[in-house]
Amino acid sequence: MLANSIVVLDFETTGLSPDQGDRAIEIGAVKLDKGVITDRFQALMNPGRRISSFIEHYTGINNRMLAVAPTCAKVMTDFSNFIGSSNLLAHNAAFDSRFLAAEFSRLGQLVQGEFACSLLLARRIYQDAPNHKLGTLIDYKNIPSEGNFHRALFDAEMTAELWLIMLNDLCERYGIEHIPFSLVKKLARTPKAQVNKLLTNYAAKVS
DNA sequence: TGCCAGGCCCTCTTTAGGGCCTT
């Protein structure tokens, strides 16, 4: 289990690339303390433009909902206070970290916490899974899921549940009680063929 | 007018290409 708090987050956005002008339209997040969800954050935000019909269908978020939502600046300021200096986690963190950095940049802020990625970890430890999409992994691990995928808070909650199960699986597999955040980050950058060796060595060191 | 993401990771690789993930 993790000793320190970690914020698991998920963005819904107008598209795939903040560098191409895409903006966040919803942020959802849960805070994990010692393996337990202790807080939640969810907010729609008005990106100042209409979103495409594709995004409306993909997320279930429509232009009428966003027209009455607070601005990105307001929501992201609140979210900055929520995450503080916590470490961060997302499924395909490369995506969410780009949007978080872009929205924070508009506020003149920098992201403080370090990102871990549940997708990179899942690719290493669940190599038999049909694929490594969030929804597939939730089914693969038989995690109860009543809600709408592609909504930010639900995806963040599911990512958190998946994360805890991955850590638990690793602890059981290697006979260890705790996997520090720094080790998980290192694991996600380790070639698949060396993952077993890294964890075996760690288990021997802490036993 | 034409183009349009980016990072990871595998392989028929490294002087590259393409699938997987995220919206």
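Note: hydrogens, waters and symmetry copies are ignored here, and every other heavy atom, side chains too, is used.
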Practice problem: Please examine the side chains of A/Arg151 and A/Ile61, heavy atoms only from C-beta on, and report whether any two atoms are closer than 4.5 Å. | Solution: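 Heavy-atom side-chain distance check passes, below 4.5 Å.
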Quiz item: Looking at side-chain heavy atoms only, is the closest gap between A/Met158 and A/His91 below 4.5 Å?
Solution: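 Heavy-atom side-chain distance check fails, nothing below 4.5 Å.
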Between [N] and [M], how far is it from one [atom1] atom to the other, in whole Å?
N	M	atom1	answer
B/dG17	B/dT23	C1'	25 Å
B/dG7	B/dT13	P	24 Å
B/dT14	B/dG18	P	13 Å
B/dC20	B/dC12	P	16 Å

Exercise. Starting from the C-alpha separation in whole Å, work towards a yes-or-no answer on side chain to side chain contact (heavy atoms under 4.5 Å, CB included) for A/Asn87 and A/Lys185.
Key: CA-CA 11 Å; A/Asn87 284 323; A/Lys185 277 192 61 108; over 6 Å; no
In whole angstrom, what separates [X]'s [atom1] from [N]'s [atom2]?
X	N	atom1	atom2	result
A/Leu100	B/dT22	CG	C1'	15 Å
A/Met45	B/dT23	CE	C1'	13 Å
A/Leu162	B/dT22	CG	P	11 Å
A/Asp22	B/dA5	CG	P	10 Å
A/Tyr58	B/dT22	OH	P	6 Å
A/Leu187	B/dC9	CG	P	11 Å
A/Tyr126	B/dC20	OH	P	21 Å
A/Arg151	B/dT23	CZ	P	13 Å

Quiz item: Are the aromatic ring centres of A/Tyr126 and A/Tyr140 under 6.0 angstrom apart?
Solution: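 When the ring centroids of A/Tyr126 and A/Tyr140 are compared, they turn out to be within the sub-6.0 Å range.
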Quiz item: Relative to the ring of A/Phe154, is the ring of A/Phe149 parallel (under 30°), tilted (30 to 60°) or perpendicular (over 60°)?
Solution: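 Judged by the thresholds at 30° and 60°, the geometry between A/Phe149 and A/Phe154 is perpendicular.
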Quiz item: Any idea how A/Phe79 and A/Phe11 line up, ring-wise: parallel (<30°), tilted (30 to 60°), or perpendicular (>60°)?
Solution: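 Aromatic pair A/Phe79/A/Phe11 classed perpendicular.
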Select base, sugar-phosphate, or nothing to describe what [X] touches, counting heavy atoms under 4.0 Å on all strands.
X	answer
A/Phe54	base
A/Asp10	sugar-phosphate
A/Thr14	nothing
A/Asn131	sugar-phosphate

Exercise. For B/dT23, take OP1 and OP2 only and decide whether either is under 4.0 Å from a side-chain N or O of A/His150.
Key: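 Yes, A/His150 has a side-chain N/O under 4.0 Å of OP1/OP2 on B/dT23.
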Quiz prompt | N or O in side chain of A/His132 less than 4.0 angstrom from B/dC21 OP1/OP2 | solution =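 It does, given that an N or O in the side chain of A/His132 lies less than 4.0 Å from OP1 or OP2 of B/dC21.
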Quiz item: Want to settle it: does A/Lys133 or A/Thr190 sit nearer the 5' end of DNA chain B, counting the closest nucleotide to each?
Solution: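 Nearest nucleotide further toward 5': that of A/Thr190.
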Quiz prompt | A/Arg40/A/Glu157 ion pair, N-O < 4.0 Å | solution =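 Counted as a salt bridge, because a side-chain N and a carboxylate O are separated by less than 4.0 Å.
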Identify all pairs in which a protein N or O lies below 3.5 Å from an N or O of nucleotides 6-8 of chain B, and state each distance.
residue: B/dG6; atom: OP1; partner: A/Asp19; partner atom: OD2; Å: 3.3
residue: B/dC8; atom: OP1; partner: A/Arg189; partner atom: NH1; Å: 2.6

Quiz prompt | Distance, nearest 0.5 Å, that separates CD of A/Gln194 from CZ of A/Arg189 | solution =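 If we round to the nearest 0.5 Å, A/Gln194:CD and A/Arg189:CZ are 15.0 Å apart.
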